[in-house]
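Let me begin by presenting the structure, written as structure tokens, before commenting on it.
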2 protein chains.
Amino acid sequence: MKEMPGPIDWNQMRALLATVEAGSLSAAAQRLGLTQPTLGRQVAALEEDLGIAVFERVGRRLILTEAGQRLVADLREMGAAADRVAMSAAAQSQSVEGVVRITAADIYAGHVLPPLLAKVRKAAPGITLEVLATGSISDLLRREADIAIRHVRPDQDGLIARRCRDTAAYVYGTPDLLDRLGRPSNGVELARCEMSGAIDGIEPFIAEMRQRGVPLSRANFPLLTQSGMTGWEWVCRGICVGPMVEAVARQTPEVEIAVPAIDPIPVPVWLVTHRELHTSRRIRLVFDMLVEHFS
Amino acid sequence: MKEMPGPIDWNQMRALLATVEAGSLSAAAQRLGLTQPTLGRQVAALEEDLGIAVFERVGRRLILTEAGQRLVADLREMGAAADRVAMSAAAQSQSVEGVVRITAADIYAGHVLPPLLAKVRKAAPGITLEVLATGSISDLLRREADIAIRHVRPDQDGLIARRCRDTAAYVYGTPDLLDRLGRPSNGVELARCEMSGAIDGIEPFIAEMRQRGVPLSRANFPLLTQSGMTGWEWVCRGICVGPMVEAVARQTPEVEIAVPAIDPIPVPVWLVTHRELHTSRRIRLVFDMLVEHFS
DNA sequence: TTTCCTTCATGCATTTACGTATAGTTCTTG
DNA sequence: CAAGAACTATACGTAAATGCATGAAGGAAA
């Protein structure tokens, strides 16, 4: 009505961007650590200030208007710049107190990291560790995590990756299941078993196994999951056989290597962080401890 | 200490950027329509969240630390993106209610615009007009104004400029002063008079007058000001002679043209706005009314 | 069709953040 | 050297924003 054109509330812009990217007010609220009514009000206030309707309320769903879509284009750049600021700030923080986020496959988060995390906490009690156990690879450039543990070579620019000692992986199964399968003794026999597998990781695994004389195909994987934990649970319960890194399987007494004659599969381990963040004291500290542990 | 790494408060970033650009908390507060304690707290909270010291409190002055300088680099990009969002939003606002900011030389703001503003307000009562009477040219690209009235050809990209009918300017003086000066009747005699002038506009004016046979030099301008209003006041009070557009001088009965024999100086008039903002309904409305008036 | 889950809107109590007023400090000006 | 101006830091009362709880409405699945 008679709005003095004071600068727009940047938090309201953040609310709009988060809502668009998350797809709903509720999801955006969770992501920002706020509540859904708050976000709803912020977006509404922004629409009021701007004088345009960003969302069209159709049923329970918010769909962007044309005007909203044009806004979001520039808004994403603003968000990217905000991320860069946060990144730059984190990089220059020389405090050993604060949060360090680590992302890793859920198997690693659950079975490999715990003793390591305890060591870090003991060495630097001021550091709060946050572990993102995620199947999909999170985006380091968007600062969803500070350090990532990956098993493929990172290809993004701006990242520094440190390759650690390879881990050996084998195909495991419970003794009970292996007995029922007739104790396969070579690759060809193993290729007749059903296996658990990760949804987006079986192709390279099949190729790797074929080099070792195990003629697998997609037909060997009737059970797929994006959760490494789930797949491993299937193996531990004798539902099927499946591959696992040796460091994890060693902690699981109820399984054994299905065919010891087959050579282990080398699994590379990369520790990845931003080039920026490598100058942060506490992130550097955690990174170095991870490197030491994996080397 | 134990800060859950929720996204950074964007308003705190805005506070920091404004403080850096304004040079002090107080100035930034005025610019953002907030108060100094509020801004101080926001900046302090941001420093706490980021874990780094952005400012070094030395005496009454805040000077950026090295870390702060690196932050600000990205922060400016964020601010620029925010401006683009605001611009895009304003451009798409099809409401005839809202604020339209016009920037013009103070002389225009005081003597030429008033009747025009009344006309606009009558035609569109929902529009709030805000006039920035500024000596220096404000930055349209940073959305300090929606429409600018200028007398030089705009060279920035992204702007659309509409040239209007030129205005004639003469050198004026009070009859009393002209009598004391011996009633100069040609350019050479006029060049012996003292004149008022704008700090950053006398060079082209001198060149223009020389073409008309008035051999002026910088020595003719012992009184300089960046305020057109002030300079004209000097002329009206008989302190010196000085140039003025005819449309303004006509409203001032106490002055007369110093040397009628000299040809008038054509003063171009450009109306300038963003290419973006030209699609805004209310800005387009005001712009068109200005064009109509000046043509 | 019916049921259940998800999502957005609203009312109310509370906490947070803001503005006003004031004191303290430093740099400048006469 | 002294007085004033400008800026930042602190205290306190108040207003605004937030969170919780609830309701309503739409869509998916049985």
Side-chain angles (χ1 to χ4, degrees), chain A residues 1-50 52-65 67-69 71-72 82, chain B residues 1-50 52-65 67-69 71-72 82:
Chain A
M1 196 78 88
K2 44 134 199 59
E3 192 68 12
M4 208 56 174
I8 300 174
D9 190 303
W10 282 19
N11 276 341
Q12 292 176 357
M13 297 199 202
R14 181 185 63 164
L16 173 58
L17 177 60
T19 302
V20 172
E21 293 196 333
S24 75
L25 290 175
S26 310
Q30 186 177 6
R31 191 160 143 186
L32 265 62
L34 299 175
T35 60
Q36 169 264 320
T38 295
L39 231 56
R41 283 187 282 249
Q42 286 186 354
V43 172
L46 182 64
E47 288 181 313
E48 173 72 17
D49 287 348
L50 296 181
I52 60 178
V54 176
F55 287 120
E56 189 176 358
R57 270 79 171 176
V58 47
R60 73 177 182 184
R61 201 136 203 98
L62 299 178
I63 61 175
L64 274 174
T65 61
Q69 292 178 359
L71 274 193
V72 168
Chain B
M1 197 76 91
K2 41 131 199 62
E3 191 69 11
M4 206 57 175
I8 300 174
D9 190 303
W10 283 19
N11 276 342
Q12 293 176 357
M13 297 199 205
R14 181 185 63 165
L16 173 58
L17 177 60
T19 302
V20 172
E21 293 197 334
S24 74
L25 290 175
S26 310
Q30 186 177 7
R31 191 158 144 187
L32 265 62
L34 299 174
T35 60
Q36 171 262 321
T38 295
L39 231 56
R41 282 186 287 250
Q42 287 186 355
V43 171
L46 182 63
E47 288 181 312
E48 173 72 17
D49 287 349
L50 296 181
I52 60 177
V54 176
F55 288 120
E56 189 176 358
R57 269 80 170 177
V58 47
R60 74 178 183 187
R61 201 136 202 97
L62 301 178
I63 61 174
L64 273 174
T65 62
Q69 292 178 358
L71 275 193
V72 169

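Order of the sequence lines fixes the chain letters, A, B, ..., with proteins taken first and strands second; residue numbering starts at 1 for each chain. No hydrogens, no waters, no symmetry mates; every other heavy atom, side chains included, goes into these values.
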>> Nearest whole Å is fine: how far is C/dA17 P from B/Q42 CD?
In response: 9 Å
> Of all the choices, D/dT8, C/dC8, C/dT20, which nucleotide is nearest to the side chain of B/T35 once you look at every atom?
Replying inline: C/dT20
>> Measure CG/B/L39 against C1'/C/dT20 and give the value in whole Å, please.
In response: 16 Å
> Does A/L32 offer a backbone N or O that forms a donor-acceptor pair with the side chain of A/R14 under 3.5 Å?
Replying inline: no
> Given C/dA9, D/dT8, D/dG19, which nucleotide is nearest the side-chain atoms of B/S24?
Replying inline: D/dT8
> So which heavy atom on B/N11 is nearest to which on A/W10, and how close?
Replying inline: OD1-N, 2.9 Å
> For A/R14 and D/dA17, what is the distance between atoms CZ and P respectively, to the nearest whole Å?
Replying inline: 15 Å
> For A/Q30, does the CD atom sit with more than 12 other heavy atoms under 6.0 Å from it, leaving out its own atoms?
Replying inline: no
> Is there a side-chain polar atom (N or O) of A/T38 under 4.0 Å from OP1 or OP2 of D/dG19?
Replying inline: yes
Donor-acceptor pairs under 3.5 angstrom involving side-chain atoms of residues 16-25 of chain B: please list them, not counting sequence neighbours.
unit_1	atom_1	unit_2	atom_2	d
B/T19	OG1	B/A15	O	2.7
B/E21	OE1	B/R31	NH2	3.1
B/E21	OE1	B/R142	NH2	3.4
B/E21	OE2	B/R76	NH1	3.1
B/S24	OG	B/A27	N	3.1

> Within this structure, what is the CG-to-P distance between A/D9 and D/dT18, rounded to whole angstrom?
Replying inline: 8 Å
> Does C/dC8 have OP1 or OP2 sitting under 4.0 Å from an N or O in the side chain of A/S26?
Replying inline: yes
>> In this structure, how many angstroms lie between the P atom of C/dT16 and the CG atom of B/N11, rounded?
In response: 18 Å
> Looking only at heavy atoms, what is the nearest atom pair of A/Q12 and A/D49, with distance?
Replying inline: OE1-OD2, 3.5 Å
> Starting at the 5' end of DNA chain C and moving along, which residue's nearest nucleotide shows up first, A/R41 or A/L62?
Replying inline: A/L62
> When only distance counts, do a donor and an acceptor, one from the side chain of A/Q36 and one from the base of C/dA9, lie under 3.5 Å apart?
Replying inline: yes
> How close or far is atom P of C/dT16 from atom CG of B/L34, stated in whole angstroms?
Replying inline: 20 Å
> To the nearest Å, how far apart are B/L32 CG and C/dC18 P?
Replying inline: 11 Å
>> In this structure, how many angstroms lie between the C1' atom of C/dA17 and the CD atom of B/E48, rounded?
In response: 17 Å
